Novice: 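Could you have a look at this structure, given as structure tokens, before my questions?
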Amino acid sequence: MSAPIIDTNVQPHFRYNAEIRRYLPDPHKLRSIPDVEQQWYQAPGGDYRADLYGEHYPGSDPETVGRHLFEDHGVQYAVLNPMTRGNIADYLLNSRICAAVNDWLLERWLEPDPTNRFLGTIRVNPEDPRGAVAEIERLAAHPKMVQVGVPMQSREPYGKPMFEPIWEAAAAHGLPVAVHINGGNGVDHPPTFAGHAHTYPGYAAFMPLNYFVHLATLIVEGMFGRHPNLKFVFADGGYDILTPLMWRLDTFWLSMRDQTPWVDRYPSEYLPGHVRFCSSAFDGPTEADKMARWMDFSGKSDLLMYGSGYPHWSTSGPETVTEGLDAAQRRKVLWANAGELYGLKERV
């Protein structure tokens, strides 16, 4: 493709489940830790691309991942956002797991990469705000750590004040906060507002709706107003529902401004300066000739960044994501939006 490419949504994995124990403190090495694949909802054909099952666990070998992204698809930078174990009941253990994932990411993926094409995410536990802030302070200065990562699953919307110290710390260091579906293990709310879906299609279709709860409360609770440098990345799709829900939020805000005097503009006007989305195979119109027009609604072409979702079974190449877009939209989605957000320059 003619435009340079940044892949903003790559999930690296451990080579085997017990590998995480090497990075845990001694008191936690023998604790029971959920397997990353032990979720309620499994994709019928397997969680990962069928061609990736073989010598290495999918997404676990930097050389293989680099070949698929950098050589096969022409990606210049790949933002790695490793999954942890979602929410677990022991929040202190959860924080230790996040720190272990961060140390593993540095040792296995980032430090050995002389090309500086892999970039990392500082995983933190939002249910432990003090620990999350400490983890951000520990790693924020690392030049290859470009964002903070939290699970979409949460027992409170992210606009609530208990999370504010985390967002404040991220904003102070110029780090966006990436929100990605990260299945928990027994302590999460149901994936839909009305309860549990019985099937994987139901889960995959409706779980991204929860991002709008986080987004709406971040706006309505004044989080973006108090922290002008705070930016959120919703990294697992759902942006195709953005327009109707933002229209709805704008309408309700306009009629009830007395309840949110700190929101000094239409809620939709906070999007360009504070919100980005990663592309998803599930989002958008099914007819390519409608893509360019659809992207104009709510200024999506200024908000959307290419994310392959590698090595997930629904991994999308840059050609698929940008089919039907005009040249200007294509460059924004593949490069410009992410380049601006992460401060990246085009490689020669």
Side-chain angles (χ1 to χ4, degrees), residues 4-24 33 35-37 46-85 97-124 135 138-149 175 178 180 182 233 235-236 278-279 305-318 334-335 338-339 342-348:
I5 302 168
I6 301 172
D7 189 340
T8 59
N9 185 24
V10 178
Q11 284 89 54
H13 291 289
F14 288 100
R15 288 169 288 185
Y16 47 91
N17 194 55
E19 185 178 10
I20 191 175
R21 298 188 185 280
R22 291 175 44 200
Y23 301 90
L24 287 168
I33 299 173
D35 189 309
V36 71
E37 289 190 341
D47 281 343
Y48 309 116
R49 268 175 36 184
D51 64 303
L52 297 181
Y53 289 93
E55 181 182 357
H56 305 288
Y57 188 84
S60 68
D61 179 59
E63 182 178 349
T64 302
V65 175
R67 184 174 69 253
H68 289 160
L69 298 180
F70 305 137
E71 297 180 21
D72 295 351
H73 288 298
V75 170
Q76 293 201 355
Y77 295 99
V79 180
L80 306 177
N81 188 6
M83 300 297 96
T84 55
R85 299 300 191 272
I97 290 173
C98 288
V101 168
N102 295 334
D103 290 338
W104 163 80
L105 186 67
L106 286 168
E107 181 181 296
R108 174 103 174 117
W109 292 82
L110 302 183
E111 300 292 2
D113 173 28
T115 67
N116 299 321
R117 301 177 84 172
F118 284 128
L119 303 172
T121 300
I122 304 171
R123 296 296 309 197
V124 301
E135 189 67 2
R138 181 172 80 95
L139 296 173
H142 196 287
K144 293 188 178 183
M145 290 296 199
V146 297
Q147 65 185 8
V148 173
L175 296 172
H180 194 288
N182 191 186
V233 176
D236 205 13
C278 295
S279 62
M305 307 183 298
Y306 168 63
S308 66
Y310 183 98
H312 196 250
W313 70 269
S314 60
T315 298
S316 301
L334 293 180
W335 174 267
Y342 298 118
L344 301 176
K345 296 182 178 181
E346 188 172 337
R347 303 171 68 92
V348 178

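If you're wondering where the values come from, they're calculated on a predicted model, not measured in any experiment.
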Novice: Could you list the residues that satisfy side chain to side chain donor-acceptor pair (under 3.5 Å) with His56, not counting sequence neighbours?
Specialist: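 Residues passing side chain to side chain donor-acceptor pair (under 3.5 Å) with His56: none at all.
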
Novice: Does any part of the side chain of Ile97, heavy atoms only, come nearer than 4.5 Å to the side chain of Ile33, both counted from C-beta?
Specialist: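 Yes, side chains in contact.
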
Novice: To the nearest 0.5 Å, what is the distance between OH on Tyr306 and OG1 on Thr8?
Specialist: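 Result: 9.0 Å between the selected atoms.
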
Novice: Are the side chains of Ser60 and Phe14 in touch, meaning some heavy atoms are under 4.5 Å apart?
Specialist: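 Of all side-chain heavy-atom pairs linking Phe14 with Ser60, none is under 4.5 Å.
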
Novice: Looking at Ala99 and Glu135, what are the two nearest heavy atoms and their distance?
Specialist: CA-OE2, 3.4 Å

Novice: How far does OH of Tyr57 sit from CG of Asn17, to the nearest 0.5 angstrom?
Specialist: 8.5 Å

Novice: Would you check, one step at a time, whether the test salt bridge (Lys or Arg N to Asp or Glu O under 4.0 Å) holds for Asp103 with Arg138?
Specialist: CA-CA 11 Å; Asp103 290 338; Arg138 181 172 80 95; 3.1 Å; yes

Novice: Kindly compute the distance separating OG (Ser279) from CG (Asp7), expressed to the nearest 0.5 Å.
Specialist: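 One finds 8.0 Å between OG of Ser279 and CG of Asp7.
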
Novice: Is there a donor-acceptor pair closer than 3.5 Å between any side-chain N or O of Thr84 and the backbone N or O of Pro82?
Specialist: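 Judged by distance alone, no pair lies under 3.5 Å.
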
Novice: Looking only at heavy atoms, what is the nearest atom pair of Leu69 and Ala78, with distance?
Specialist: CD1-CB, 3.8 Å

Novice: Minimum heavy-atom separation for Val10 and Ser308, please, with both atom names.
Specialist: CG2-OG, 4.0 Å

Novice: Tell me the closest heavy-atom pair linking Arg117 and Asp113, and the distance in Å.
Specialist: N-OD2, 2.9 Å

Novice: Residues in side chain to side chain donor-acceptor pair (under 3.5 Å) with Arg22, at least two apart?
Specialist: Glu107

Novice: Roughly how far, to the nearest 0.5 Å, is CD1 of Ile122 from CG of Leu175?
Specialist: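 One finds 5.5 Å between CG of Leu175 and CD1 of Ile122.
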
Novice: Working to the nearest 0.5 Å, report the span between CG of Asn182 and NE2 of His180.
Specialist: 8.0 Å

Novice: Out of curiosity, Arg21 CZ to Tyr16 OH, how far, rounded to the nearest 0.5 Å?
Specialist: 11.5 Å

Novice: I'd like to know whether Met305 forms a side chain to side chain contact (heavy atoms under 4.5 Å, CB included) with Val233, so could you lay out the CA-CA distance, the side-chain angles of the two residues, the decisive distance to 0.1 Å, and finally the verdict.
Specialist: CA-CA 9 Å; Met305 307 183 298; Val233 176; 3.8 Å; yes

Novice: Compare every heavy atom of Thr121 with every heavy atom of Gly149, then report the nearest pair and how far apart it is.
Specialist: N-CG2, 3.3 Å

Novice: Considering only heavy atoms from C-beta outward, does the side chain of His73 approach that of Ile5 to under 4.5 Å?
Specialist: no

Novice: Of Trp109, Trp104, Tyr48, which is the lone residue that meets ring-ring contact (aromatic ring centres under 6.0 Å, His included) with His13?
Specialist: Tyr48

Novice: For the pair Gln147 and Asn81, evaluate side chain to side chain contact (heavy atoms under 4.5 Å, CB included) and give the outcome as yes or no after the intermediate values.
Specialist: CA-CA 9 Å; Gln147 65 185 8; Asn81 188 6; 4.3 Å; yes

Novice: Restricting to ring pair (Phe, Tyr, Trp, His ring centres under 6.0 Å), what partner residues turn up for Tyr342, sequence neighbours left out?
Specialist: none

Novice: Restricting to side chain to side chain donor-acceptor pair (under 3.5 Å), what partner residues turn up for Arg108, sequence neighbours left out?
Specialist: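 Applying side chain to side chain donor-acceptor pair (under 3.5 Å) to Arg108 gives none.
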
Novice: Please tell me if the side chains of Pro58 and Arg49 come closer than 4.5 Å, counting only heavy atoms from C-beta onward.
Specialist: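 Side chain of Pro58 against side chain of Arg49, heavy atoms only: no contact under 4.5 Å found.
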
Novice: Write down the atom of Leu334, the atom of Pro318, and the distance for their closest heavy-atom approach.
Specialist: CD2-CB, 3.8 Å

Novice: So Asp61 and Arg15, do their side chains get closer than 4.5 Å, heavy atoms only?
Specialist: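 No - every pair of side-chain heavy atoms lies 4.5 Å or more apart.
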
Novice: Give the C-alpha distance, both sets of side-chain angles, the deciding distance and a yes or no for side chain to side chain contact (heavy atoms under 4.5 Å, CB included) between Leu106 and Met145.
Specialist: CA-CA 9 Å; Leu106 286 168; Met145 290 296 199; 3.9 Å; yes

Novice: Any pair with a residue in residues 69-78 that passes salt bridge (charged side-chain N to carboxylate O under 4.0 Å, His left out), sequence neighbours left out, goes on the list, sorted by first then second residue, please.
Specialist: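 As it turns out, there is no salt bridge (charged side-chain N to carboxylate O under 4.0 Å, His left out) pair with a partner in residues 69-78 once direct neighbours are skipped.
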
Novice: With a 4.5 Å heavy-atom cut-off, do Leu110 and Leu80 have their side chains touching?
Specialist: yes

Novice: Leu52 versus His68: any side-chain heavy-atom pair under 4.5 Å?
Specialist: yes

Novice: Please identify each residue that fulfils side chain to side chain donor-acceptor pair (under 3.5 Å) with Asp236, with sequence neighbours left out.
Specialist: none

